[in-house]
Amino acid sequence: MPSTNINEYIRVLKLARKPTREEFNMIAKVSMAGIGILGSIGFVIYALLTELPKMF
């Protein structure tokens, strides 16, 4: 069961910091690459499932 102690959340927020521009850019690039890869895989699956039944 997760703890709901507010002090734990406050401690984590105090340790958090704003990312630098380089860190933010790297996170954005990795996220966009992941979205692109997943979108491509989804498109290929969609195309296969719509075009393959027409062949048979």
Side-chain angles (χ1 to χ4, degrees):
M1 198 75 149
S3 174
T4 58
N5 188 359
I6 192 76
N7 292 330
E8 293 178 18
Y9 297 113
I10 292 172
R11 188 182 75 211
V12 170
L13 288 176
K14 285 182 180 179
L15 291 174
R17 63 175 176 81
K18 185 177 177 181
T20 63
R21 183 172 290 281
E22 293 82 23
E23 288 173 331
F24 180 79
N25 286 336
M26 182 60 69
I27 291 169
K29 288 176 188 176
V30 170
S31 298
M32 291 303 289
I35 291 170
I37 290 169
L38 286 177
S40 299
I41 292 171
F43 177 75
V44 168
I45 291 172
Y46 171 77
L48 288 174
L49 292 177
T50 56
E51 295 300 322
L52 275 178
K54 293 177 185 177
M55 292 181 190
F56 297 109

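The first residue in the sequence is number 1, and the count goes up from there.
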Original post:
Residues in salt bridge (charged side-chain N to carboxylate O under 4.0 Å, His left out) with Glu51, at least two apart?
Top reply: Lys54

**OP:** Please name all residues satisfying side chain to side chain donor-acceptor pair (under 3.5 Å) with Arg17, sequence neighbours left out, ordered by chain then number.
**Re:** Glu23

**OP:** Hey, could you give me the CG/CD1 distance between Asn5 and Ile10, rounded to the nearest 0.5 Å?
**Re:** 8.5 Å

Subject >> CE-CD1 distance between Met32 and Ile27, expressed to the nearest 0.5 angstrom >> reply: 14.5 Å

Subject >> Leu49 and Pro53, any side-chain heavy atoms less than 4.5 Å apart >> reply: no

Original post:
Of the non-hydrogen atoms in Thr50 and Ala47, which two are nearest, and what is the gap between them?
Top reply: OG1-O, 3.2 Å

Subject >> Value rounded to 0.5 Å, distance of NZ in Lys14 from CG in Asn7 >> reply: 8.5 Å

Original post:
Do any pairs count as a salt bridge (Lys or Arg N to Asp or Glu O under 4.0 Å) and have a residue in residues 29-42, sequence neighbours left out, and if so which ones?
Top reply: none

Original post:
Would Tyr46 and Leu38 show up in the same hydrophobic cluster when neighbours are defined by side-chain heavy atoms closer than 4.5 Å?
Top reply: no

Subject >> Within one Ile-Leu-Val-Met-Phe-Trp-Tyr cluster: Leu52 and Val44, side-chain cutoff 4.5 Å >> reply: yes

